[in-house]
Amino acid sequence: MSKTIRLKIDNVEVEVERGKMILDAAEVAGMRIPTLCHDRRLVPFGACRLCVVQQKGKRDLQLACFTPARDGMEIITQSPEIMKSRRLQLQLILLNHPMICPRCEKEGDCALQSLVYEYGVGETQYPWEKIPFPVDHASPLLQRDPNRCILCGRCVRICDEVQGVGELSFTERGIQSSIDTDFNRPLDCEFCGQCLDTCPVASITSDCFDYSAKLWELRETTTPCPYCGCGCLLTLGSKAGEVKRVFSDPMAGPGDGNLCVKGRFGWDFIDHPDRVKTPLIRVNGGFREASWDEAFAFVAAGIEESKAESGPESVGAIVSSRLTNEEYYLLGRLFKEAIGTDQIGLGGHETSAGLNEGLSQTLGIAATTNSIQEIRKADCILLIGVDPAETHPIVRNEIHLAIRKNRAQVVVIGSYDIGLSRSTQISPLSPPSLSLLVKPGMEATLLNDMIRTILKEGLENRGFIEKNTEGIEVLRKRVVSREPGTMKALPEMTKKDLEKAARAMARAKNGMIFIGTGNWSRLSGKEVAIAASNLALVTGHLGKPSSGIFILQDKCNLQGAID
Ligand code: SF4
Ligand code: SF4
Ligand code: SF4
Ligand code: FES
């Protein structure tokens, strides 16, 4: 069966992947269909009914976001009947929605306001005593006003499907329905702001954002998030040089439009009055401000003096892992060529250096092998000495998606268990995570024990090994013939889990291995890298999408710094 289908949208023929919805096909055809409850990151929900379209030869209107496109379909996206239906839906949505656009925070940036204007819908034709709901002003960072809510369910779904938190849900029924926390309490969650981001109206707002600046007044600047190693792209909306709001670009960057609390709200330092914005020179135990020219001259003179007195090795640099590749290149030239030393230090470098050395030895490539968005299609996830929920929130989201959508088997190797294990308990259909907890430093031995189980049980991927590797017999001798490293020291239960983990990795269609780095990582980098890449090679989880090794660097460009 062909993987694609052909259909016509408003007489434009398009070819789309089988399984795509009519809405996706319309996008390919360049036809705009109005939506309110749709977010391409979420499972279709069919709440707003604005996306109605008609199939030629059929009487009923269909939801474009909810109806799979089929071969040979001919879809009409605009007709008097369709427009009438959309207008009616907007009327119904406005039943309990306050008409306060001119003084609303989202004025000019509200999907409902735009559609009401576009479809020429005024005050509702169905007079109705609006039902008042209590407003949540008690939660930090986010405010929720259910009176403005259109019950599209996007906040509920993103919190559950993408974040795996499930803080919000529908409460009550019919016209009394609203979105709330359990027992109507303030939010007690991750404060990622994903619900704020997806809400099409102003039902969720943030006191971190300055809404007095309207969307069209903001100057947008795209920049990588300065926090973790996910390297999400942020769009800073600024006015008169001050950042007013932060957005994510759904079509750019590794995060698929998702951000965590740090990226979305952790930028108040930019305009903080205490931020150092000019060079400071220490004078008599204090600091005085200096111009950049003066500071450069001061540093150059200091380097020259130190070099003349004690040689080039007396000069060194401590470098952040958040610079650009170009800056690292220039720094390298300055120190190696102009000053004559390679004394450049990086925070969290030790584990990474070991990992790089190990990976270079086994794979010939000292880097992560896949992109973040490939994680969601993996069906076995092995986490070594890292809790992505703490260190790499967007990677955590992807792993959560793999668990939810792909029923991925999660295996945790390390000295402590992690919250992600709990995500696997949500559904009896997901395999419960396997936590192989050992003393710090034993991770590589445990990985070798997994390889040992795989080779002993004949579960290795022979075709892959034959085609892509060398030295399997040496590995077999080393791993199978020796005493099992951790096995003897492990409780019976954990031994069984180790064997289960080995089998899961060997049988998985797409297996991914995540290794933690950074100052807090206690892994023996080189040994772990060699054992983990051997495991990936033995099971054939390399060189294809959603299979490979992921080094979770602790800052956004540690890889560039090391290179
Ligand atoms: S801030 Fe994040 S975790 Fe909290 S309710 Fe919104 S989506 Fe859920
Ligand atoms: S709060 Fe916003 S995102 Fe959530 S259901 Fe209401 S309108 Fe939709
Ligand atoms: S996941 Fe990391 S890179 Fe992305 S927004 Fe959060 S801190 Fe920034
Ligand atoms: S976008 Fe299709 S029902 Fe809301």
Side-chain angles (χ1 to χ4, degrees), residues 35-39 41-42 45 47-48 93 96-97 104-106 110-113 133 135-136 139-171 177-182 185-206 208 223-236 246-249 253-267 321-322 372 388-398 400 552-558:
T35 62
L36 277 175
C37 69
H38 174 75
D39 181 325
R41 294 169 288 184
L42 306 173
F45 193 53
C48 72
I93 288 170
N96 219 32
H97 190 84
C104 175
E105 289 90 333
K106 273 245 185 164
C110 170
L112 178 62
Q113 185 193 27
F133 293 97
V135 178
D136 169 20
S139 299
L141 293 176
L142 297 167
Q143 290 72 52
R144 293 179 304 120
D145 183 352
N147 299 295
R148 300 171 180 181
C149 177
I150 58 167
L151 298 174
C152 67
R154 281 163 67 161
C155 55
V156 175
R157 289 178 287 142
I158 205 155
C159 187
D160 178 39
E161 289 174 28
V162 179
Q163 295 304 119
V165 175
E167 179 72 349
L168 298 168
S169 57
F170 284 87
T171 60
S177 300
S178 70
I179 304 294
D180 210 343
T181 55
D182 43 8
R185 55 166 173 75
L187 293 171
D188 179 16
C189 60
E190 296 185 351
F191 296 100
C192 59
Q194 291 271 84
C195 49
L196 161 83
D197 173 64
T198 193
C199 182
V201 294
S203 185
I204 304 178
T205 51
S206 172
C208 287
T223 178
C225 172
Y227 290 104
C228 81
C230 290
C232 298
L233 272 193
L234 307 178
T235 303
L236 306 180
V246 166
F247 313 96
S248 54
D249 182 343
D256 197 23
N258 302 311
L259 293 178
C260 77
V261 60
K262 292 178 279 183
R264 197 179 310 278
F265 298 119
W267 40 269
S321 317
R322 295 175 169 128
I372 288 182
E390 298 290 333
T391 59
H392 295 73
I394 293 301
V395 167
R396 186 286 313 265
N397 284 5
E398 288 288 326
H400 178 74
L552 292 173
Q553 308 283 20
D554 69 337
K555 299 285 183 317
C556 55
N557 200 17
L558 183 58

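Whatever order the structure lists ligands and atoms in, that order sets their numbers, starting from 1. All heavy atoms count here, side chains included; hydrogens, waters and symmetry mates do not.
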Run the numbers for me: atoms of ligand 1, each under 4.0 Å from some heavy atom of Phe191, listed by number.
-> 1 (S), 4 (Fe)

Indicate if the distance from atom 2 (Fe) of ligand 3 to the nearest N, O or S atom of Cys228 falls below 2.8 Å.
-> yes

Number the atoms of ligand 3 from 1 as they appear, then name those within less than 4.0 Å of a heavy atom of Cys260, with their elements.
-> 1 (S), 5 (S), 6 (Fe), 7 (S)

How close does the nearest protein non-hydrogen atom get to atom 5 (S) of ligand 2, and which residue and atom is it?
-> Gly153 N, 3.2 Å

Heavy-atom check, side chain of Phe133 versus side chain of Asn96, under 4.5 Å | yes

Ligand 1 atoms in contact with Glu167 (distance to a heavy atom under 4.0 Å) = 5 (S)

If you look at every heavy atom in Phe45 and Gly153, which pair is closest and at what distance?
-> CE2-CA, 4.2 Å

Side-chain contact, heavy-atom cut-off 4.5 Å: Asn258 with Asp197?
-> no

Tell me which one of Ala111, Ser203, Cys159, Cys37 gets a heavy atom nearest to atom 1 (S) of ligand 2.
-> Ser203

Side chain to side chain contact (heavy atoms under 4.5 Å, CB included), paired with Arg154, selected from Pro200, Cys199, Ser203 = Pro200

Which atoms of ligand 1 are found less than 4.0 Å from any heavy atom of Leu142?
-> 1 (S)

One finds that the ligand 3 atoms under 4.0 Å from a non-hydrogen atom of Lys262 are 7 (S)

Give a yes/no verdict on whether any heavy atom in Gly255 is under 4.0 Å from an atom of ligand 3.
-> no

Return yes if some donor-acceptor pair links the side-chain N/O of Gln194 with the main-chain N/O of Leu259 below 3.5 Å, else return no.
-> yes

Atom 6 (Fe) of ligand 1: closest protein heavy atom, distance to 0.1 Å, is Cys195 SG, 2.3 Å

Ligand-side contact atoms (ligand 3) for residue partner Tyr227, heavy atom cut-off under 4.0 Å = 7 (S)

for atom 4 (Fe) of ligand 2, nearest protein heavy atom and its distance come out as Cys155 SG, 2.3 Å

Whether Arg264 side chain and Phe191 backbone form a donor-acceptor pair below 3.5 Å = no

Just jot down the ligand 2 atoms closer than 4.0 angstrom to any heavy atom of Ile179, in number order.
-> 5 (S)

Which ligand 3 atoms does Gly231 reach within 4.0 Å, using its non-hydrogen atoms?
-> 3 (S)

Which is it for Ile150 and ligand 2 at heavy atoms under 4.0 Å: side chain, backbone, both or neither?
-> both

Short list, please: which atoms of ligand 3 are under 4.0 Å from a heavy atom of Gly263?
-> 5 (S)

Check ligand 2 against Val201 and write out every atom of the ligand that is under 4.0 Å from a heavy-atom position of the residue.
-> 7 (S)

For atom 2 (Fe) of ligand 2, grab the closest protein heavy atom and report residue, atom and distance to one decimal in Å.
-> Cys199 SG, 2.4 Å

Atom 8 (Fe) of ligand 2 to Cys152: any N/O/S contact under 2.8 Å?
-> yes

Compare all side-chain heavy atoms of Cys228 with those of Pro393 and state whether any distance is below 4.5 angstrom.
-> yes

Asp145 and Asn147 side chains, donor-acceptor separation under 3.5 Å | yes

When you look for heavy atoms under 4.0 Å from ligand 1, do you find them on the side chain of Ile204, its backbone, both, or neither?
-> neither

For Thr198 and ligand 2, answer yes if some heavy atom of the residue is under 4.0 Å from a ligand atom, otherwise no.
-> no

Those atoms of ligand 3 less than 4.0 Å from some heavy atom in Cys225 = 3 (S), 5 (S), 7 (S), 8 (Fe)

Ignoring hydrogens and angles, state whether a donor on the side chain of Thr171 or Asp180 is under 3.5 Å from an acceptor on the partner side chain.
-> no

Measure from the side-chain N and O atoms of Tyr227 to the backbone N and O of Gly266, and report whether any donor-acceptor pair falls under 3.5 Å.
-> yes

With the side chain counted from C-beta on, respond yes when Cys48 and Ile150 share a heavy-atom pair under 4.5 Å apart, and no when they do not.
-> no

Indicate whether the side chain of Gln163 and that of Asn397 have a donor and an acceptor atom separated by less than 3.5 Å.
-> yes

Mind checking whether atom 6 (Fe) of ligand 3 has an N, O or S of Cys232 under 2.8 Å?
-> no

N/O donor-acceptor pair under 3.5 Å between Arg144 side chain and Asp136 backbone | no

